[in-house]
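Right, one structure below, let's go through it.
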Amino acid sequence: MGIVVQKYGGTSVGNVGRIKQVAERVKHSVQAGEQVIVVVSAMGDQTDKLVSLMYEVSNHPPRREMDMMLTTGEQVSIALLSAALQELNVPSISYTGWQAGISTKSQFGNARIVDIHSERILTAVHSGKVVIVAGFQGVTEAGEIATLGRGGSDTTAVAVAAAVSAERCEINTDVDGIYSTDPRIVPHARKLSSVSFEEMLEMAALGASVLHPRAVEVAKVHGIKLLVRSSFSDNEGTFVKEATMIEQDIVVSGVAYDENVSKIEILDIENEMGVIADVFNTLAAENINVDMIVLSEHGADTFDLAFTVGKEEAERTLEMIEARKLELKYRDAFSDKKVAKVSIIGAGMVTNPGVAAKMFNTLAENDIAMKLITTSEIKVSCLVPANDGKDAVNVLHSAYGLNADSDASRKSG
Ligand code: ASP
Ligand code: MG
């Protein structure tokens, strides 16, 4: 049997009792004949606590020192888990990021993994030990300790899996898989047996916080089979894998919802070459991320521009546009915070006509207005009034046959 990488998140190792439970799970895998490498996060909300501790000392913490401190969180959990395994007579050894050979770029707080020298891990695995690797950390070329960005232990796990050519990478977490939508909004949300990397990336970017988006990217590039499952049960999880391996009859896999959006509108802008670039350069210079963009011309002379930004950026965005009213030559500009973004996501959309039409029909039949629309190959997003947002998710979820009790569309297994 091959190597399996198992990642356990902060909740899964939140206290000593849970660490012992994780040790039992790992022991089961070992008894089943698997060679196991474990990647762990810091215990519970330890990383948050360490961040606050640093801010008690400094309002502008040096990034190097912040990383120096944050990496201690994972160092505690690897040592405890390894000791817990040895209590169960399972041979094991814990490694920090540098001991595991994880090299990163030299960017504190958001370093990317460039390479993993996996000899040390593999030697230990081949000698029959469970190897436990600290998530979220690596070492730069200059020998500095750096972290991978919040949530980065997922990325450690996938990168290790790629480096040792693991059979699969399991993300053991506090939910039991990826759902067709947020179960807090739609009680009938169903757990998906599989999603494609592309769908997962769209869902992660739209706020499904189960997986670190970079982990999905690394898995996609290296063709790593990812399994998202619960640390607390033996329920089947969700596989994240190549779209070609998934049945093509599934048109829409999930409905995503985002309340953190605001619409900005600029009306009657004089149609001069370069003015649109000018608007967005102004925002880019202030690091404001723009999402949906719609442009509509009024004959040749003027046009309207509408786009969305994060809610907390709405005021600042409008101020910047108003401050440049003379150069940008428009009649009026305003922002609307009472909106929400609803998106349908599905790899099968590319080859199935009528998916967007169904979305618009469904919203219209339910008297839900659409304020902006954008599409990609595997996603259609509509901006709707905030009051109607959750209803929109519900009606779309059932229109595409995604409810757990409906027999449409989704295969099992
Ligand atoms: N402990 C780190 C964090 O809380 C990394 C992780 O858990 O993935 O962000
Ligand atoms: Mg996480």
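Counting convention: from 1, in listed order, for ligands and their atoms alike. Index from 1, following the sequence.
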In the protein, what heavy atom is nearest to [atom], and what distance, to one decimal place, separates them?
| atom | value |
| --- | --- |
| atom 7 (O) of ligand 1 | S41 OG, 2.9 Å |
| atom 6 (C) of ligand 1 | S153 OG, 3.3 Å |
| atom 1 (N) of ligand 1 | E74 OE2, 2.7 Å |

Is a salt bridge present between K220 and E217, judged by a nitrogen-to-oxygen distance below 4.0 Å?
no
Charged N to carboxylate O below 4.0 Å: is that the case for K311 and D258?
no
Nearest-0.5 Å distance that lies between atom CZ in F239 and atom CD in E170:
8.0 Å
With C169, the side chain to side chain contact (heavy atoms under 4.5 Å, CB included) member among V39, I224, I37, L227
I224
Would N110 and R63 count as having a side-chain donor-acceptor pair, cut-off 3.5 Å?
no
R150: numbered ligand 1 atoms lying under 4.0 Å from its heavy atoms:
3 (C), 4 (O), 9 (O)
In terms of atom number and element, which parts of ligand 1 are under 4.0 angstrom from non-hydrogen atoms of G151?
3 (C), 5 (C), 6 (C), 8 (O), 9 (O)
Looking at ligand 1, would G10 count as a contact under a 4.0 Å heavy-atom criterion?
no
